[in-house]
Number of protein chains: 2
Amino acid sequence: MTAGIQPPQATTLEQPALETAREAIADGIEREAMITVFGRCTVDYDGRASSRLEAGDRHVMLKPDGAALVHTNEGQQPVNWQPPGCEHAVRCEDDALVIESLRSTPDERLLVSFQQVLQVSTFAGSDPNEIALVGTEEDLRERILEEPALLESGFTPLATERDTPAGAVDIYGEDSTGRSVVVELKRRRVGPDAVSQLRRYVDALSRDLHADAAVRGILVAPSVTDRADRLLAQHDLEFVSLEPTDG
Amino acid sequence: MTAGIQPPQATTLEQPALETAREAIADGIEREAMITVFGRCTVDYDGRASSRLEAGDRHVMLKPDGAALVHTNEGQQPVNWQPPGCEHAVRCEDDALVIESLRSTPDERLLVSFQQVLQVSTFAGSDPNEIALVGTEEDLRERILEEPALLESGFTPLATERDTPAGAVDIYGEDSTGRSVVVELKRRRVGPDAVSQLRRYVDALSRDLHADAAVRGILVAPSVTDRADRLLAQHDLEFVSLEPTDG
DNA sequence: ATGTTGATTTCGTAA
DNA sequence: TTACGAAGTCAACAT
């Protein structure tokens, strides 16, 4: 039986003893609930890098998919975390409640040691819907494929994700004179990196086709920075201003 | 008086009426506490992109710095969010508890509408310590500056963050023969993008110096992918395998 | 498993 | 404020 088909429920312990908190957390892991713990803790991480965070009051969330998040009262990003797929464990030792989250490939370990727990909660519910997002690079691609003239009059798309030795080109096509065109799409204002990316594709495709006429490269984005603009000119690449959505 | 100097505290309401929940949230915003709400909600976002999420049980966190996070029971990343600096507001309308988080530059709006609230909590505490992180690109740079021979015998660093028309070079220096060297550092295994970046810097510096001898470009990273390796060869760039830390 | 790229990337820093 | 690049980036998708 999965948590998803249960009626939504939330349980809370306030200022529990560490052992009481441990039991609630262990039970929540067992039941595959979302678990939150707030209290005074230290945090240690070791893996791709290493970090240590001395004692402070923080909010820890454990998800049933194995993700772990440690949030302070500032910032959008967690101060420490573990991605989905980790194994969570909880134990009491030396007057501390220790939450350990382990991962392999790469080996990574997150240790949160609570000296004091102010609250433990567990949450179970259902969430059947996926998010619908508009305004992505995918939308920009569809916009151009539906109306290629937005790029330029006479443009004919021939392939998306066309493979080259340097990677997959967003849109590959021909202009009105039959010249090959590589199109790189970005949903927002771009800098030099996007120009370099386009240049790589144009270079690779030129070698691949050993075409008589040079391959054209067109960057499509709402706008470009000055430096990107200079790079475009330097390498005879072109720019078309276009946004992901009409509105 | 700020929350930071208060004794840590946590308050919780279970299955509150919507109006009761609204009061607790409004009070938490006023007191600059961290606030969490768990219940059945829909989520709408409009700004750099747009999204809609139909009804489901989710965990919402509001931080006193203006950040907002909407978490489902899966994934490390929030399904919707708002960065620090936003204004949070809460109100009841049409049998729903509505949390609105607004931002400007760019104009962005996050709307979370709860049909049912299972729990509201507020958290106040202190967190005086900063995280200490080891194993970053900064560490790799320091390692090379302390022992330039790790790069190659006779290498002399002359500048870090040296500016070029294409951006700032991680380390700029000379080899034992006096040739200019551009070093690009990456803390982990790299792909084609890092090679393009190095190439941009070498190009720019070559023009800038209009040197008699070609400028050398060296990529320093633990390892490179096959494609990156081919790109390095294509552009006469070099690679030195090195990790951010000794251990 | 690794490679490649997009992302409402976020975050920090410098100009 | 904008620009540029790092990040324990994460996440999706392909090989």
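Chain letters run A, B, ... following the sequence lines, proteins first, then strands; residues in each count from 1. Being a predicted model, the structure only gives us computed values, none of them experimental.
- Of the P atoms belonging to C:dT8 and C:dT4, the separation is 23 Å, rounded to the nearest Å.
- Rounded to an integer number of Å, the gap from CZ of A:R162 to C1' of D:dA14 is 17 Å.
- As rounded to whole Å, 11 Å separates atom P of D:dG5 from atom CD of B:E137.
- By the 30° and 60° cut-offs, the orientation of the rings of B:F38 relative to B:H59 is tilted.
- Phosphate proximity of D:dT2 to A:R227: absent, as no side-chain N or O sits under 4.0 Å from OP1 or OP2.
- Residue A:R52 qualifies as enclosed at atom CZ: its count of foreign heavy atoms under 6.0 Å is above 12.
- Nucleic acid contact class of B:T136 (heavy atoms, under 4.0 Å, all strands): sugar-phosphate only.
- The shortest heavy-atom contact between B:L69 and B:K63 is CD1-CE, 4.5 Å.
- A:R200 comes within 4.0 angstrom of sugar-phosphate atoms only, judged by non-hydrogen atoms across all strands, and of no base.
- Under 4.0 angstrom from either OP1 or OP2 of D:dG8 there lies no side-chain N or O belonging to A:S51.
- Closest approach of A:P84 to B:G75, counting heavy atoms only: CG-CA, 4.0 Å.
- Residue B:P84 is in sugar-phosphate contact alone, with no base atom involved, counting any heavy-atom pair closer than 4.0 Å across all strands shown.
- Judged by atom type and distance alone, A:D193 does not reach the base of D:dG5 through any side-chain donor-acceptor pair under 3.5 Å.
- With a cutoff of under 4.0 Å to any heavy atom of chain A, the contacted region of DNA chain C is bounded 5' to 3' by C:dT5 to C:dC11.
- Counted within 6.0 Å of CD on B:E138, heavy atoms from surrounding residues, nucleotides or ligands total more than 12; the atom is thus considered enclosed.
- Distance check, rounded to the nearest 0.5 Å: NE2 of A:H88 to CD of A:Q82 gives 8.5 Å.
- Nucleotides of DNA chain D nearest to B:T105 and A:V79 differ in position, and the one nearer the 5' end is that of B:T105.
- Residue-to-nucleotide proximity on DNA chain C shows that, of A:G167 and B:Y45, the 5′-proximal contact is made by A:G167.
- The nucleotide whose nearest atom lies closest to any side-chain atom of B:R188 is, among D:dA3, D:dA7, D:dT9, D:dT9.
- Note: CD (A:Q77) to P (D:dA6) measures 18 Å, nearest angstrom.
- Separating the CG atom of A:L133 from the C1' atom of D:dC10 is a distance of 15 Å, rounded to the nearest angstrom.
- Heavy atoms of A:P192 sit under 4.0 angstrom from primed sugar atoms or phosphate atoms, though from no base atom.
- Within 4.0 Å (heavy atoms only), A:E108 reaches at least one base atom of the nucleic acid.
- Side-chain proximity of A:W81 to the nucleotides D:dT9, D:dA6, D:dA11 is greatest for D:dT9.
- No side-chain donor from either of A:D193 and A:S196 sits under 3.5 Å from a side-chain acceptor of the other.
- Residues B:G217 and B:L198 come closest through the heavy atom pair C-CD2, 3.8 Å.
- When heavy atoms are screened at a 4.0 angstrom cut-off, A:D226 is found touching no nucleic acid atom at all.
- Backbone-only engagement by B:A166 is indicated by non-hydrogen atom pairs under 4.0 Å involving sugar-phosphate atoms exclusively.
- For A:R48, a side-chain nitrogen or oxygen approaches OP1 or OP2 of D:dT9 to under 4.0 Å.
- Going from atom CD of A:E161 over to atom P of D:dA14 covers 8 Å, rounded to whole Å.
- Nearest-nucleotide assignment on DNA chain C puts the 5′-proximal partner with B:R189, out of A:I131 and B:R189.
- Toward the 5' end of DNA chain D, the nearer of the two residues A:V224 and B:G75, judged by each one's closest nucleotide, is A:V224.
- A:L69 places its CG atom 11 Å from the P atom of D:dC10, with the value rounded to the nearest Å.
- A:D163 has its CG atom 7 Å from the P atom of D:dT15, to the nearest Å.
- Rounding to whole angstrom units, CG of residue A:D65 and C1' of D:dA11 are separated by 12 Å.
- Residue B:E74 is out of contact with every strand shown, counting any heavy-atom pair closer than 4.0 Å.
- Between B:R141 and B:E161 there is a salt bridge, with a side-chain nitrogen of the basic residue lying less than 4.0 Å from a carboxylate oxygen of the acidic one.
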